[in-house]
Amino acid sequence: MSLRRNKPGERGQRFLNPVNFLVPILSLFVVACGGDHPQSTIDPATSDFGPAIQDLYLTVFWWAMLILAVVWLVLAYILIRYRSRPGDPEPKQTHGHLGLEIGWTIAAAIVVVVITIPTIRTVFRTQAPAGPGALIVEVVGHQWWWEFRYPAEGVVTANELRLPVGRTVELQMTSADVIHSFWIPRFGGKRDLNPWVREPDDRGPRINRLTFTVEETGVYLGQCAEYCGLAHGLMGMRAIVETEADFQTWVQSMQSSPVPETGTQADRGREAFMTSTCIACHSIAGTNARGVLGPSLTRLGARTTIGAGLLDNTPENVAAWIRNPAEFKPGVKMPGVSEGGGGLPPTGLSEEQIEAIAAYLSSLR
Amino acid sequence: MSDSTASSKAGSASARSAAAELYTDPRGFGATVWSWITTVDHKRIGIMYASAALFFLLIGGAEALLMRIQLAVPQNDFVDAETFNQLFTMHGTTMIFLVAMPMAVAFFNYIVPLQIGARDVAFPRLNALSFWVFLFGGLYLNSSFLFNAAPNASWVGYANLTSTQFSPGPNVDFWVIGLSIVGVSSLVGAINFITTIINLRAPGLTLMRLPLFTWMTFVTSWILVTAIPVIAVALIFLAADRFFATNFFVPTAGGDPVLWQHLFWIFGHPEVYILILPSFGIMSEVVSTFSRKPLFGYPVVVYAGILIGFIGWGVWSHHMFTTGLGPIADSFFVVSTMIIAIPTGVKIFNWLATMWGGSIRFTSAMLFAIGLLAIFTVGGLSGIMHASAPVDLQQHDSYFVVAHFHYTIVGGAMTGLFAGFYYWFPKVTGRLMSEALGKLHFWTFLIGFNLTFFPMHFAGLFGMPRRVFTYPAELNVAEYNMASTIGAFIFGLSSLIFLWNLWRSSLKGKPAGANPWGAPSLEWSTSSPPPHYNFAEIPEVKSRDPLWTSDVPPEKPLAHDEEPLMPSPSFWPILTAFGISLTWILVMTRIWWVPLIGLALTAICIYSWAFQPEFREATQEQG
């Protein structure tokens with residue numbers, strides 16, 4: 001259901017992009033703001049959803065500019081031409097003009113119709129169901145992280161959405177607690193995740209969907225767009241779009257977990273992880289860790305960030321996070337070494353255990 | 001009473017001592033305070049509304065500046081997440097419910113009875129009740145800061161984040177109770193103004209001769225009367241969920257958080273017009289007066305206002321395009337929202353046509369009216385962008401939307417109210433506001449406002465969501481945010497200039513005379529400030545702009561014994577307001593019978609009030 005002409009790499013109509021005109025204007029009084037905008041709403045990387053919105057935005061934008069120009073020019077003319085001068089006679093006391101009134105009402109109505117027609121076409125096209133063969137990903141929002149489940153592939157991961165390039169994706173979205181909103185601007189618009197306990201095979205109206213086909217490999221930034229409580233500002237995510245072959249390799253890898261060699265620090269970390277409260281909330285594929293309250297840690301070492309896009313994924317950061325996650329994310333439901341969290345007591349892990357666990361998790365790549 | 005008779009004769013000598021006489025009590029400070037808290041004079045109540053709204057404006061503005069400091073640079077730690085969430089929740093709640101609405105109500109109070117040639121509103125004591133309930137509600141809401149428990153669930157308070165499970169503290173209690181109290185005030189006030197405008201118009205003042213500001217007050221009051229009950233239902237559901245363990249919005253128990261969004265926005269979108277229509281009314285009068293021309297297309301402007309009031313009821317789900325209502329519902333709300341743009345656009349063209357061919361005087365009031373025309377249009381047009389549902393999927397809850405609604409609410413509603421202040425200040429105080437300071441205010445406002453909010457469009461287009469306490473540097477929106485912060489401080493400074501001008505001019509401004517602008521409507525026929533009975537003789541109106549086209553005789557001061565009998569002061573309104581507020585506040589105890597104490601107090605007050613005669617000649621205390 002490709003809506004439009006865009007081929008990968010060619011992001012048509014760039015010259016019409018209003019920001020290309022307005023940034024120079026703005027930079028007259030603000031420091032020039034060049035460079036990359038990884039979360040830009042006006043730089044779509046998909047072939048359908050994003051460009052459909054972008055086209056519509058440009059249509060409305062240029063109509064708005066036209067109206068603004070007319071109003072401002074007329075206003076400027078009036079202010080210069082009809083300013084009061086000493087000795088002015090009393091102005092002619094006109095009360096109205098039926099023809100003019102009808103004229104500008106009709107003009108406004110025409111502009112509105114011209115904008116409304118493509119809008120409604122786009123509403124229906126962008127909400128059409130994905131065809132067969134689409135990759136289904138169930139997105140579940142949590143305070144303050146993202147769960148991504150691939151039911152057909154049997155994969156569960158968190159905060160980093162992996163997608164194959166060029167294949168239509170259907171996100172089926174719900175929330176486990178409060179309302180969140182999924183937004184990766186370069187894919188297209190956002191949609192809310194409403195709280196809903198999803199039954200197997202549930203296709204009900206409470207499940208919101210987004211459908212799109214990404215045409216460029218790369219890393220895409222997104223974050224929660226509906227205020228969801230204390231750490232709403234820290235609920236980031238990344239989408240990693242890769243070739244179909246790389247995606248399939250990743251799917252395979254997510255079915256199991258590497259086992260560290262006996263006697264290594266990572267092995268001691270595995271031991272500490274599996275015998276502490278960690279497994280009450282976290283899962284790691286192919287192990288006894290099957291908790292569902294916290295994010296899955298399967299192949300954590302292969303992710304680029306931890307804490308929902310908050311910290312670079314290094315063993316040091318993982319250890320620091322385990323020590324005191326609330327230092328990085330206020331309100332986090334994971335307990336630290338000496339502070340409880342989410343109704344759980346402090347973990348009481350020793351420094352040696354923490355570093356071992358960090359080594360173990362980083363080895364899961 | 002003999003001494004007050006004497007002072008009355010002296011007071012009628014000049015506007016200066018008339019003002020002193022009207023607003024202070026010759027018997028000293030305590031008596032002055034007592035005369036204000038028991039007053040039922042619509043003019044004094046209007047002044048109190050404006051003063052309270054300006055006080056809350058300072059609080060809401062300080063909250064905004066703290067937020068702007070936090071957001072000036074990425075990953076800032078000037079305030080923590082919890083504080084920031086409280087700041088933006090209280091900033092929105094304060095600016096909407098405690099600043100923009102009561103500031104408009106201040107003008108309703110002071111100006112409408114004068115514009116329609118009435119001696120007071122229809123229910124003077126209810127009017128006092130409205131004010132005190134509003135003040136108590138606003139103070140109670142802000143008292144939450146003292147407990148470090150200010151509301152933190154955003155001004156829209158989306159369920160189920162507001163449930164006890166996800167907001168266990170008292171923060172949301174303060175919000176739901178505070179708004180419930182303030183809502184009582186709006187409802188009572190609106191009924192009062194509808195009744196006043198229908199019943200108390202001067203002879204000959206037909207509906208189609210009403211000044212535009214009175215018309216827009218009328219429309220706004222109808223919207224209030226119909227919209228406030230909807231938010232009241234939502235707040236009562238929420239209060240019941242929180243205090244009595246019901247499950248209206250709790251999904252795990254079969255409730256529905258999306259229901260809150262519908263109820264909130266069925267109120268919330270008409271609320272937008274509650275904020276903007278009074279300013280449209282002020283705008284219509286100021287543009288006409290300072291162009292020295294009647295309003296172009298008066299009936300069209302009136303009907304456009306009424307139409308906006310009606311259609312405003314059918315557009316609420318354009319706040320919910322991302323909620324997932326499906327393409328049919330989305331399309332319906334696209335169409336209704338687009339339709340409402342037409343009467344709004346028509347008003348803009350009518351103002352332009354009013355100025356066309358006029359003789360435009362650039363007073364401070366007129367500058368703000370012109371500013372409204374120029375700035376509000378920007379906000380209206382970005383509104384068209386997110387009326388287009390798919391486009392809104394990108395812009396919703398981003399800084400683009402923050403820019404949009406500040407261009408409408410500050411650039412439209414507040415700018416209109418500023419124009420109103422400059423326009424009617426001479427009527428209220430008998431003195432002119434400093435034009436030099438007024439122009440300084442205007443230009444610093446224009447620069448500060450645009451520097452604050454225009455860059456937010458870009459921050460939003462580049463993917464910065466709203467209500468985030470910080471943002472990563474990699475979004476590359478730091479420069480826009482820094483610009484906004486600098487602009488916010490200029491804006492803050494401009495507001496201080498305005499307050500200074502109000503204060504200074506009320507003491508030292510030049511005497512204004514009855515009609516300093518050569519304006520056409522009735523309020524300008526009586527003296528400045530008007531006597532407490534407004535008009536010695538109710539004028540007869542023969543046309544739409546009575547002071548321009550027909551003879552309304554100038555006001556003649558009356559001797560004390562000739563003064564019309566006015567409603568007597570009463571302390572029951574303030575006590576009743578206290579009882580109503582107390583009832584709600586005691587709900588916080590979560591013990592079912594405790595609020596009954598407040599209810600009993602309220603009942604006693606209403607009972608006593610009902611048996612106190614409205615007119616008590618023997619206790620007539622005003623000079």
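Both backbone and side-chain heavy atoms feed into the values below; hydrogens, waters and symmetry mates do not.
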Do the side chains of B:Asp256 and A:Arg206 get close enough for a salt bridge, i.e. N-O under 4.0 angstrom? yes

Salt bridge or not between B:Glu474 and A:Arg238? Use side-chain N to carboxylate O under 4.0 Å. yes

Is there a donor-acceptor contact under 3.5 Å from the side chain of [X] to the main chain of [Y]?
X: B:Gln394; Y: A:Ile53; value: no
X: A:Arg209; Y: B:Gly324; value: no
X: B:Asn85; Y: A:Leu230; value: yes
X: A:Asp88; Y: B:Ser359; value: no

Checking [X] against chain B: side chain, backbone, both or neither under 4.5 Å from a heavy atom?
X: A:Glu226; answer: both
X: A:Leu100; answer: side chain
X: A:Pro185; answer: both
X: A:Leu221; answer: side chain
X: A:Gln93; answer: both

Counting only heavy atoms closer than 4.5 Å, note whether [X] contacts chain A via side chain, backbone, both or neither.
X: B:Phe166; result: side chain
X: B:Ser291; result: backbone
X: B:Pro251; result: side chain
X: B:Val156; result: neither
X: B:Trp548; result: side chain
X: B:Ile348; result: side chain
X: B:Tyr471; result: neither
X: B:Gln75; result: neither
X: B:Val346; result: both
X: B:Ala159; result: backbone

Taking [options] one by one, which has the highest count of heavy-atom pairs under 4.5 Å against chain B?
options: A:Cys228, A:Ala108, A:Ala64, A:Ser175; answer: A:Ala64
options: A:Pro89, A:Gly188, A:Ser181, A:Gly309; answer: A:Gly188
options: A:Ile184, A:Ile67, A:Thr59; answer: A:Ile67
options: A:Trp72, A:Trp63, A:Tyr77, A:Tyr82; answer: A:Tyr82
options: A:Thr116, A:Leu75, A:Leu234; answer: A:Leu75
options: A:His97, A:Arg85, A:Arg191, A:Met235; answer: A:Arg191

Please report the closest heavy-atom contact between [X] and [Y], naming both atoms and the distance.
X: B:Ser388; Y: A:Thr119; result: OG-OG1, 2.8 Å
X: B:Lys293; Y: A:Pro91; result: CG-CB, 3.9 Å
X: B:Leu161; Y: A:Val178; result: CA-CG1, 3.8 Å
X: A:Ser40; Y: B:Phe462; result: OG-CD2, 3.8 Å
X: B:Asp392; Y: A:Lys190; result: O-NZ, 4.2 Å
X: B:Val468; Y: A:Gly233; result: CG1-CA, 3.6 Å

Hey, what do you get for OG (A:Ser84) to CE (B:Met366), rounding to the nearest 0.5 Å? 10.5 Å

Nearest 0.5 Å please: distance from the CE atom of B:Met385 over to the CD1 atom of A:Ile115. 9.0 Å

If we check ring pair (Phe, Tyr, Trp, His ring centres under 6.0 Å) with A:Tyr227, which of these qualifies: B:Phe469, B:Tyr158, B:Trp155, B:Phe88? B:Phe88

Step by step, would you call B:Val391 with A:Gln54 a side-chain contact (heavy atoms from CB on, under 4.5 Å)? CA-CA 7 Å; B:Val391 179; A:Gln54 174 73 350; over 6 Å; no

Criterion side-chain hydrogen bond (donor to acceptor under 3.5 Å, both in side chains) on B:Gln165 and A:Asp177, from CA distance to verdict: CA-CA 9 Å; B:Gln165 186 189 351; A:Asp177 38 51; over 6 Å; no

Mutual orientation of the aromatic rings belonging to B:Phe296 and A:Trp104 [parallel < 30°, tilted 30-60°, perpendicular > 60°]: tilted

Just checking, is any N or O donor in the side chain of A:Gln127 or B:Asp330 under 3.5 Å from an acceptor N or O on the other one? yes

Counting heavy-atom pairs closer than 4.5 Å to chain A, which one of B:Leu475, B:Ile486, B:Thr377 comes out on top? B:Leu475

For a side-chain contact (heavy atoms from CB on, under 4.5 Å) check, start with the C-alpha distance between B:Gln395 and A:Thr41, then their side-chain angles and the critical distance, and finish with the verdict. CA-CA 8 Å; B:Gln395 297 171 350; A:Thr41 64; over 6 Å; no

So A:Leu79 and B:Met355, side-chain contact (heavy atoms from CB on, under 4.5 Å) or not? Walk me through it. CA-CA 8 Å; A:Leu79 295 183; B:Met355 290 158 72; 3.5 Å; yes

